[in-house]
Amino acid sequence: MKLIIFGPPGSGKGTYSMRLRERYGLEKISTGDIFRDEIKRGTILGKKIENYLKEGKLVPDDVVIEVVRRKLEGLENFILDGFPRTVEQAKVLDSITKIDAIIKINAHKEILIKKISARRICSNPKCDGNYNVADIKKTIEGIEYILPPLLPKNDMKCDKCGSPLIQRDDDKPEVIEERLKVYEQQSKPVIEYYTKKGTIPFIEVWMNRPPEEVVENIVKSIEKLKSCSSNRNQSI
Ligand code: ADP
Ligand code: ZN
């Protein structure tokens, strides 16, 4: 199965795709994670892209496409998190492989800003501990958000390794604004591109409940798609 998970910064793509990876045994390809790892390791690629991430700007298409092309070689089961983010990237992806479904996450900007500002990660570079201190109960345009915080057991120390929690560099207010602006300008058109193309089914969900519930909704939709396609003698 070949999936794309698509949504604005802070919509929980990383968390949902991690759970879908476990559920379906998919390879998770997150361009954001790949780039952060390259930067941490101080590689040539890392040095080249560092400033884009710091400023919340997109890494140039040719660099991203090269990285993803290499990762996708020979893969049959994967979920793409954070790619494609521009129409150019989407077009190249079409020429490389055939995607089975696009999971689209919706959320209001106000909620995204609250959620991103409240995100805390483990300061230990070897640990992937991830927390959120925001407690959100709010209804916007008929969408009821109930998003409890995800707190560590001990005062701002990671549950997994005990290291102090910190904020991701690009989760600071000025950078959040820039990332949301970039999403509006460059990534939203990707959805229009796929809508016009009309060949890949969409699974659309709101990020208005804790991850378990959102993922359950996604799984239900995937199962529905699978049973439809097996009726047509196709497998996904
Ligand atoms: P978020 O979705 O929360 O903004 P990601 O971890 O997906 O975070 O991405 C972090 C940063 O990595 C982006 O702001 C951008 O600089 C870079 N990046 C990730 N994926 C891409 C991509 N497909 N094209 C260009 N830049 C990317
Ligand atoms: Zn940790």
Side-chain angles (χ1 to χ4, degrees), residues 4-18 28-40 45-46 48-72 79-93 96 103-105 107 109 111-132 150-154 156-190 193 207:
I4 291 174
I5 187 159
F6 189 94
S11 59
K13 296 185 302 279
T15 310
Y16 308 145
S17 53
M18 207 149 70
K28 174 178 181 284
I29 300 170
S30 156
T31 41
D33 285 350
I34 294 172
F35 293 152
R36 277 186 291 276
D37 183 58
E38 295 280 341
I39 294 170
K40 223 184 274 171
L45 174 62
K48 197 155 130 187
I49 59 175
E50 201 163 17
N51 282 333
Y52 293 103
L53 274 88
K54 218 181 260 163
E55 291 168 15
K57 303 232 176 348
L58 290 186
V59 172
D61 282 338
D62 54 338
V63 178
V64 189
I65 287 164
E66 198 39 46
V67 168
V68 174
R69 193 192 290 278
R70 237 181 300 140
K71 286 262 168 199
L72 286 186
I79 181 159
L80 280 169
D81 160 16
F83 183 94
R85 240 175 168 99
T86 64
V87 172
E88 180 58 28
Q89 292 176 15
K91 286 182 179 162
V92 173
L93 181 64
I96 303 178
I103 302 160
K104 179 172 179 272
I105 320 286
K109 191 172 167 188
I111 302 288
L112 294 169
I113 293 176
K114 271 209 184 111
K115 254 322 212 198
I116 305 176
S117 327
R119 178 152 67 185
R120 298 292 180 272
I121 58 167
C122 178
S123 55
N124 173 1
K126 293 199 187 84
C127 178
D128 60 358
N130 215 313
Y131 306 85
N132 203 293
L150 181 58
L151 300 171
K153 291 194 188 75
N154 286 318
M156 297 320 275
K157 296 254 168 29
C158 178
D159 288 349
K160 295 185 179 178
C161 74
S163 306
L165 303 185
I166 52 168
Q167 221 178 358
R168 218 169 87 177
D169 264 351
D170 60 350
D171 283 348
K172 311 262 159 81
E174 326 76 72
V175 190
I176 296 174
E177 279 295 331
E178 179 64 23
R179 283 159 63 204
L180 289 169
K181 198 174 94 198
V182 166
Y183 177 78
E184 286 291 324
Q185 290 171 348
Q186 279 162 288
S187 302
K188 266 200 174 161
V190 173
Y193 167 80
M207 176 264 240

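We count ligands from 1, going down the list as the structure has it; atoms in each ligand are counted the same way. Owing to the predicted nature of the structure, the values given are computational and were not obtained by experimental measurement.
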Listed partners of Lys54 passing salt bridge (charged side-chain N to carboxylate O under 4.0 Å, His left out), at least two apart: none
Tally of protein N, O or S atoms, where distance to the Zn ion (ligand 2) is under 2.8 Å: 4
Summary of salt bridge (Lys or Arg N to Asp or Glu O under 4.0 Å) pairs that have at least one residue in residues 122-131, sequence neighbours excluded: Asp128-Lys160
Side-chain heavy atoms of Gln89 within contact of Val68, under 4.5 Å: no
pair Arg69-Val92: side-chain heavy atoms closer than 4.5 Å: yes
Inventory of protein N or O atoms under 3.5 Å from ligand 1 N or O:
unit_1	atom_1	unit_2	atom_2	d
ligand 1	2 (O)	Lys13	NZ	2.7
ligand 1	2 (O)	Arg85	NH2	3.1
ligand 1	3 (O)	Arg179	NH2	2.6
ligand 1	4 (O)	Arg85	NH2	3.2
ligand 1	4 (O)	Arg179	NE	3.1
ligand 1	4 (O)	Arg179	NH2	3.1
ligand 1	6 (O)	Arg36	NH1	2.9
ligand 1	6 (O)	Arg36	NH2	2.9
ligand 1	7 (O)	Arg85	NH1	3.1
ligand 1	7 (O)	Arg85	NH2	3.2
ligand 1	8 (O)	Arg168	NH2	3.4
ligand 1	9 (O)	Arg85	NH2	3.4
ligand 1	16 (O)	Lys57	O	2.6
ligand 1	20 (N)	Thr31	OG1	2.7
ligand 1	20 (N)	Gly82	O	3.3
ligand 1	20 (N)	Arg85	NH1	3.2
ligand 1	23 (N)	Gly82	O	2.8
ligand 1	23 (N)	Gln89	OE1	3.0
ligand 1	24 (N)	Gln89	NE2	3.0
ligand 1	26 (N)	Val59	N	3.0

Student check: side-chain heavy atoms of Ser163 and Cys127 closer than 4.5 Å: no
Side-chain (Asn154) to main-chain (Gly162) donor-acceptor, under 3.5 angstrom: no
Sidechain N-carboxylate O distance under 4.0 Å for Glu184, Lys181: no
Salt-bridge contact Asp170-Arg119 (side-chain N to carboxylate O under 4.0 Å): no
Within 6.0 angstrom of Tyr52 OH, more than 12 heavy atoms from elsewhere: no
